[in-house]
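Contents: one structure, followed by commentary.
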Amino acid sequence: MGKFSRDKLASKQAVIEKFQDGQTILLGGFNRVGAPGTLFKYLHESAARDLTLVCNNCSNDPAGIWYPASQVISEGRVRQLKISFTRTNTELISLYESRKLEVELIPQGTLAERIRAAAYGLGGFLTTVGYGTLLAEGKQIIHANGKDYLLELPLHADLALVKATKADLMGNAVCRATTKNFNTIMAPAADFTILEADQIVPVGELPPEEIDIPGIFVDMVIQSEEVLK
Amino acid sequence: MSDVRHFIARNVASLLRNGDVINLGVGIPTLTTQYLPDDVEVLIQAENGVIGCGPEAVGEQIDRDIIDAGAKCITVIPGGWFFDSAVSFGIIRGAHLDATILGALQVDEKGNLANWYVPGKLLPGPGGAMDLVAGARQVIVAMEHVTKYGEPKILSECTLPLTAIGVVTTIVTDAAILKRAELGLELVAIAPGETIESVRAKTGCPLHLPKEGQVGEMLQ
């Protein structure tokens with residue numbers, strides 16, 4: 001199936017059916033900003049388990065937008081978490097120590113670039129970030145141009161859940177201000193991408209030069225249920 | 001020196017030059033901008049995706065889509081710019097920043113930095129800490145000279161897990177300003193009330209005197 005459709009608007013049920021056991025899922029957002037909270041709820045409502053979740057952070061504050069995603073972890077449905085910033089989730093340490101959860105800690109910029117490498121067909125990249133630290137364990141070191149680098153490999157996923165401020169029915173989307181964060185990088189990095197938008201507009205309404213996420217990276221569009229403003 | 005944190009921030013500010021593009025870590029570094037001289041204007045990056053960070057947003061300025069890396073609602077100055085995390089860390093790793101200013105648990109004379117992980121305390125998440133020190137021309141550590149138990153934080157070799165190796169260029173504390181030189185750490189300036197010997201006494205590695213000129217005095 002091609003990535004071009006003039007109507008990608010999807011129902012909650014259609015979204016929930018996309019969640020399958022064993023998937024690797026990218027979760028957009030930096031803290032509360034640009035986080036697809038409605039899609040987190042749908043993920044939580046699905047029965048999918050044995051998941052690998054990839055995100056910058058995942059707060060378990062019951063009042064916060066990340067709470068449903070953090071509950072998927074608490075319920076033991078996540079096998080591995082690939083994450084950069086852990087301090088906003090107070091449960092991770094006990095889940096990790098009781099071996100109920102594998103955690104891969106990834107420096108934030110390396111996380112972004114590994115996802116980008118997967119999105120854009122690169123076999124990996126060389127970086128000095130993390131070299132000489134605990135996070136270099138098990139990684140291949142490559143000497144080039146007089147420097148030692150870590151080889152970082154692409155981080156591909158089955159699903160990406162991303163958030164935009166506005167989207168049209170083709171999936172073209174605008175992420176205003178600091179909501180871009182991981183959303184624009186994750187959208188092209190998964191086999192199937194579901195985009196949640198605060199506002200959905202007809203095709204042709206968004207100025208082409210202002211598009212942050214091109215529609216060809218998006219498979220489904222849903223209306224956000226979050227009312228934050 | 002009523003407030004040590006502000007004293008450190010004022011002295012960090014004195015190291016910045018007009019036109020610098022900088023990234024500020026949480027804590028003492030964020031106090032730095034209050035102490036910039038009138039003729040020094042800097043552009044502040046936040047790694048979640050903005051350059052041109054202004055003061056914290058208040059009242060009607062608050063826009064929930066505009067935060068800094070500490071998740072605080074901020075304003076953005078005219079000429080500011082938003083971007084995604086790949087661009088943001090490209091700016092950082094690609095040496096497009098003049099300075100990164102951040103706190104530390106330990107620094108050693110080889111410029112090694114430990115600021116992300118105290119074993120046994122928390123599941124450590126590095127966030128952007130490892131990336132932030134990878135490319136900036138100056139990595140300025142702003143911290144208290146000793147721990148709350150009086151133990152040195154500036155050592156011959158860090159004992160805590162490292163954030164990065166050989167990256168720190170300058171250390172500003174409540175007792176001294178130190179610069180990394182060929183031989184190790186060089187004493188650039190000392191705080192009012194300190195002597196070279198008193199600073200050496202609370203430092204866990206040798207401190208060298210400048211090859212030329214004298215040890216200066218920090219701004220009060």
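Residue numbers begin at 1 in each chain, while the letters A, B, ... track the order of the sequences. As the structure is a computational prediction, the values presented were derived from the model and not from experiment. Note: hydrogens, waters and symmetry copies are ignored here, and every other heavy atom, side chains too, is used.
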task: Determine, step by step, whether A:Phe217 and A:Lys3 satisfy the side chain to side chain contact (heavy atoms under 4.5 Å, CB included) criterion, reporting the C-alpha distance in whole Å, the side-chain angles of both residues, the deciding distance to 0.1 Å, and the verdict.
output: CA-CA 7 Å; A:Phe217 296 156; A:Lys3 289 273 188 179; over 6 Å; no
- prompt: At what distance, to the nearest 0.5 angstrom, does CG of B:Leu31 lie from CG of B:Asp3?
  reply: 8.0 Å
- prompt: Taking atom NZ of A:Lys100 as the centre, does the number of heavy atoms from other residues, nucleotides or ligands within less than 6.0 Å exceed 12?
  reply: no
task: Determine whether B:Val199 and B:His145 make a side-chain contact, defined as any pair of heavy atoms from C-beta on separated by less than 4.5 Å.
output: yes
- prompt: Should the pair A:Phe40 and A:Trp66 be assigned to parallel (<30°), tilted (30 to 60°) or perpendicular (>60°) ring geometry?
  reply: tilted
query: Quick one: of A:Cys175, A:Ser84, A:Ala112, who has the most non-hydrogen atom pairs under 4.5 Å with chain B?
result: A:Ser84
- prompt: Given the options B:Ile92, B:Asn112, B:Val167, B:Ile165, which has more heavy-atom pairs under 4.5 Å with chain A than any of the others?
  reply: B:Ile165
- line: Interface check, chain A: of B:Ala46, B:Ala86, B:Ala114, most non-hydrogen pairs under 4.5 Å belong to B:Ala86
Which portion of A:Asn31 sits near chain B, non-hydrogen atoms under 4.5 angstrom: side chain
message: Please classify the contact of B:Ala164 with chain A as side chain, backbone, both or neither, using a heavy-atom distance under 4.5 Å.
response: backbone
query: Tell me, side chain or backbone of A:Thr127 under 4.5 Å from chain B's heavy atoms, or both, or neither?
result: side chain
- prompt: Should B:Leu187 and B:Arg200 count as side-chain neighbours, where that means a heavy-atom distance under 4.5 Å?
  reply: no
- prompt: Is chain A contacted by the side chain of B:Tyr117, its backbone, both, or neither, given a heavy-atom distance below 4.5 Å?
  reply: side chain
- request: Give the member of B:Ala69, B:Gly49, B:Gly166, B:Gly80 that has the highest number of heavy-atom pairs under 4.5 Å with chain A.
  value: B:Ala69
field: chain B contact via A:Ile106 - side chain, backbone, both or neither, heavy atoms under 4.5 Å
entry: backbone
message: For the interface with chain B, which of A:Ile115, A:Asn56, A:Ile93 has the highest count of heavy-atom pairs at distances below 4.5 Å?
response: A:Ile93
task: Let me know if B:Ser88 has heavy atoms under 4.5 Å from chain A in its side chain, its backbone, both or neither.
output: neither
message: Using only non-hydrogen atoms and a strict under-4.5 angstrom cutoff, which residues of residues 8-23 of chain B touch chain A?
response: none
query: Between B:Asp84 and A:Asn183, is any pair of side-chain heavy atoms under 4.5 Å apart?
result: no
- line: Turns out that what part of A:Tyr131 lies under 4.5 Å from chain B's heavy atoms comes down to both
field: Member of A:Lys163, A:Met220, A:Glu225, A:Gln223 meeting the side chain to side chain contact (heavy atoms under 4.5 Å, CB included) criterion with A:Glu196
entry: A:Lys163
message: Quick check for you: among A:Thr86, A:Val103, A:Asn181, which has the greatest number of heavy-atom pairs under 4.5 Å with chain B?
response: A:Asn181
- prompt: Which heavy atom in A:Val201 sits nearest to a heavy atom in A:Gln199, and how many Å separate them?
  reply: CG1-NE2, 3.8 Å
- prompt: More than 12 heavy atoms of other residues, nucleotides or ligands under 6.0 Å from OH of A:Tyr96: is that the case?
  reply: no
message: With a 4.5 angstrom heavy-atom cut-off, is it the side chain or the backbone of A:Leu92 that approaches chain B, or both, or neither?
response: both
query: Could you give the distance from CE (B:Met130) to OG1 (A:Thr128), rounded to the nearest 0.5 Å?
result: 11.5 Å
message: To the closest 0.5 Å, what do you measure between CD (B:Glu47) and CD (A:Gln108)?
response: 6.0 Å
task: Taking B:Trp81 for its side chain and B:Val50 for its backbone only, find out whether a donor-acceptor pair lies under 3.5 Å.
output: no
